[in-house]
Structures are given as structure tokens and as C-alpha cells.
Amino acid sequence: MCVGLSAKVVRLDQDTAIVDASGARREISVGLLDELEPGDYVMVHAGVAIAKITQDDGTETDALAEALL
């Protein structure tokens, strides 16, 4: 089973971004996605942004992950 985490883009730098995932900031690859801006939400798997999502999607994903823990 693969697990993706939602994260908010804080800063972009070409093919990488700093994201905030539930308070933890990390650098990820964003080379698979086009037209990202700070404030956008992404689904992250293995250090790679795999999809752009809405803030509502991110909130729901975080709630589901918290319920599982």
C-alpha cells in the first residue's frame, strides 16, 4: 500500500519546493507538475509531488490520516 501526504507549497525553486506537511517542512521534487505557486496544495509520495489538490482535499486527507493513527 502506498501512502501520500498532503502538503502546502511554501516556496518554489525550479524543480523543487519547500512544503509544509502538518507543521513539518521539507524539500520535495515538483518536476512532475506544472504551474504551481506558493499556497497551492499537493499530494506527496516518496518526496515527489504527484498531484495538485484543493485545500479541502488536503484537509480531508489530514483528517483521515489522523483518524488512522
Trainee: How long is the straight-line distance from CZ of Arg11 back to CG of Asp20, given to the nearest 0.5 Å?
Mentor: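 Atom-to-atom, Asp20:CG and Arg11:CZ are 12.5 Å apart.
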
Trainee: Which atom pair, heavy atoms only, marks the closest approach of Val44 to Ile28?
Mentor: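 Where Val44 meets Ile28 most closely, the heavy atoms are CG2-CD1, 3.8 Å.
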
Trainee: Check Ala21 against Ala7 and note the closest heavy-atom contact, atom names and distance.
Mentor: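 In terms of heavy atoms, the two residues are closest at CB-CB, 4.0 Å.
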
Trainee: Work out which heavy atom in Glu35 is nearest to a heavy atom in Asp40; give both atom names and the distance.
Mentor: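 In this case the closest contact between Glu35 and Asp40 is O-OD2, 3.9 Å.
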
Trainee: Using the test salt bridge (Lys or Arg N to Asp or Glu O under 4.0 Å), find all partners of Asp57 that sit at least two apart in sequence or belong to another chain.
Mentor: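 Per chain and number, Asp57 pairs via salt bridge (Lys or Arg N to Asp or Glu O under 4.0 Å) with no residue.
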
Trainee: Is Val48 reachable from Tyr41 through a run of hydrophobic residues whose side-chain heavy atoms are each under 4.5 Å from the next?
Mentor: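 Yes, one cluster joins them.
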
Trainee: Which pair of non-hydrogen atoms, one from Lys52 and one from Leu33, has the smallest distance, and what is that distance?
Mentor: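 Smallest interatomic distance, heavy atoms only, reads N-CD1, 4.0 Å.
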
Trainee: Go through the steps to decide whether Leu36 and Leu12 satisfy the test side chain to side chain contact (heavy atoms under 4.5 Å, CB included), and finish with yes or no.
Mentor: CA-CA 8 Å; Leu36 285 178; Leu12 290 164; 4.1 Å; yes

Trainee: When rounded to the nearest 0.5 angstrom, what is the spacing between CZ in Arg25 and CD1 in Ile18?
Mentor: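 Between Arg25 CZ and Ile18 CD1, I get 8.5 Å after rounding to 0.5 Å.
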
Trainee: Is there a path of hydrophobic side-chain contacts, each under 4.5 Å between heavy atoms, that joins Val42 and Leu5?
Mentor: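 No, no single cluster joins them.
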
Trainee: Spell out, yes or no, whether Met43 and Leu32 are grouped together once hydrophobic residues are joined by side-chain heavy atoms under 4.5 Å, including indirect joins.
Mentor: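 Met43 and Leu32: one cluster.
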
